[in-house]
Amino acid sequence: MEIKQQLQEVLQEINTAFQTIDTINELNDLKAKYLGKKGCFSQWMTEMKNLSNEEKPKFGQAVNAAKDEVIKHFEDFYSQIEKRIIAEKLAKETIDVSLPGRVFPVGAKHLVSQVIEEVEDLFIGLGYTVKEGPEIEQDLYNFEMLNLPKSHPARDMQDSFYITEELLLRTHTSPVQIRTLLENSGNKPIKIICPGKVYRRDDDDQTHSHQFMQIEALVVDHEATLADLKGTLLILARKMFGEERQIRLRPSYFPFTEPSVEVDISCYKCHGKGCSMCKGSGWIEILGGGMVNNAILEATGYDPKQYQGFAFGVGVERLAILRYGIDDIRAFYINDLRFNQQFK
Ligand code: PHE
């Protein structure tokens, strides 16, 4: 039989066999069957020795040409199978991008922290530095040097948690005033705010908490007047409660400031007409402050003829309660996520 004809038959066989093949391994087997040692091509080559010397080269060339064709055929099969395998893989591994992703719960800053940071930002912008002091404080700084000697009746206003005779949980952030004045050895201007926890021996109820937050401010300079205090408070009031707020100072008393003031803002609900929020007065009290008492400047080494100062202390929860209409101070501390998440 002519090699060409045999090749046609072989190709036919291979093509039919290929139809049933799914994997590279099966294709390798098929290839070995035809092109391997026991395949028809090696067989034809061994038959060649029976031919005459004239016929040998012609026959050899014909077999090699046929073999090349079969090899090309297999190359084609390989790429077909590879394509098929990749297509199957892609179909199987398709990602459904329309599937909704998993939602991870994300926490948020506590409202108290938010308000503190907002006030800090404001005052940093005004050139203040943020300072902290210890929550366990000496009686000396919490009371004594703030002009509240042991017998002073104003101590009763701030029922305290004493640890020893001389140590207590600070009842306000004002002791940081004393610490800062002492640190600056009587000859440096001061401009600080101090946020932090304070403690009072109150029974917790809707309007009382035995622990809450205050922010203290202290400015001491050659000229730091009551007008400066008023201007500073107006900026704070407008930042927290709206640009159209007015403030009002009323005379008050703190042993560490003289004169002392109680500060009101114009009611942001009725705009001064009088409503339930401001109890008909048109004004809402927000904080206490005043001019640093000369006795305190002297006791900490500042010469009142050279220096003057103002200070105020504001309750953080009170700011938040007013701004967001929160009706129970305990909401800040019972960690109910439903409360916390409202202020994300
Ligand atoms: N420490 C005072 C209080 O807790 C507030 C205050 C601070 C008043 C600074 C005057 C100056 O009530």
Side-chain angles (χ1 to χ4, degrees), residues 112 116 119 123 128 130-135 137-149 152-161 168-181 190-202 207-221 224-226 228-233 236-237 247-265 284-297 299-300 302 304 307-319 321-322 329:
V112 161
I116 288 174
V119 175
F123 279 90
Y128 287 66
V130 178
K131 211 168 175 294
E132 289 190 341
E135 288 168 33
E137 187 53 284
Q138 298 180 44
D139 181 281
L140 182 69
Y141 297 155
N142 191 82
F143 288 131
E144 200 84 27
M145 289 189 74
L146 284 166
N147 227 6
L148 281 140
H152 201 290
R155 282 196 181 209
D156 298 339
M157 289 170 14
Q158 301 188 354
D159 258 337
S160 330
F161 291 109
L168 73 160
L169 299 181
R170 67 179 176 192
T171 57
H172 50 179
T173 42
S174 297
V176 187
Q177 287 192 37
I178 301 298
R179 288 176 171 274
T180 313
L181 287 160
I190 295 169
K191 211 170 167 186
I192 56 147
I193 59 161
C194 165
K197 289 197 182 95
V198 300
Y199 302 82
R200 293 191 191 170
R201 214 143 51 86
D202 271 325
T207 54
H208 294 85
S209 171
H210 63 281
Q211 181 258 296
F212 57 99
M213 295 275 188
Q214 282 190 335
I215 301 175
E216 190 88 6
L218 172 68
V219 173
V220 174
D221 211 331
T225 67
L226 190 63
D228 294 323
L229 171 61
K230 195 174 175 188
T232 306
L233 293 171
L236 176 64
I247 59 165
R248 173 175 89 166
L249 306 189
R250 285 179 290 111
S252 183
Y253 173 74
F254 299 102
F256 32 98
T257 46
E258 181 58 37
S260 300
V261 293
E262 212 76 66
V263 183
D264 300 338
I265 55 168
I284 302 167
E285 184 187 320
I286 58 160
L287 60 86
M291 298 304 294
V292 178
N293 195 321
N294 280 352
I296 286 169
L297 290 176
T300 54
Y302 277 84
Y307 282 95
Q308 58 178 170
F310 64 79
F312 61 88
V314 58
V316 176
E317 289 83 355
R318 174 138 181 90
L319 288 181
I321 281 170
L322 290 173
I329 193 171

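Note that ligands are numbered from 1 as they come in the structure, with each ligand's atoms numbered from 1 the same way. Sequential numbering from 1 along the given sequence is applied to the chain's residues.
Checked by distance only, ligand 1 and Q214 come closer than 3.5 Å through their nitrogen or oxygen atoms. Residue-to-ligand polar distances keep Q177 apart from ligand 1: every N/O pair is separated by 3.5 Å or more. The shortest N or O to N or O distance between H172 and ligand 1 is under 3.5 Å.
Heavy-atom proximity to G313, at under 4.0 Å, picks out these atoms of ligand 1: 6 (C), 7 (C), 9 (C).
Using a 4.0 Å cutoff on heavy atoms, R200 counts as a contact of ligand 1.
Proximity of F256 to ligand 1, defined as any heavy-atom pair under 4.0 Å, is confined to the side chain (atoms from C-beta onward).
E132 pairs by the side chain to side chain contact (heavy atoms under 4.5 Å, CB included) definition with nothing, not counting sequence neighbours. Here F212 pairs with nothing under the ring-ring contact (aromatic ring centres under 6.0 Å, His included) rule; sequence neighbours left out.
Residue T173 forms a side chain to side chain donor-acceptor pair (under 3.5 Å) with just one option from E216, E135, E137, K197, and that option is E216.
Ion pairing between a basic and an acidic side chain is recognised when a charged N comes within 4.0 Å of a carboxylate O; E285 and R250 show such pairing.
Aromatic pair F254/H172: ring centres not closer than 6.0 Å.
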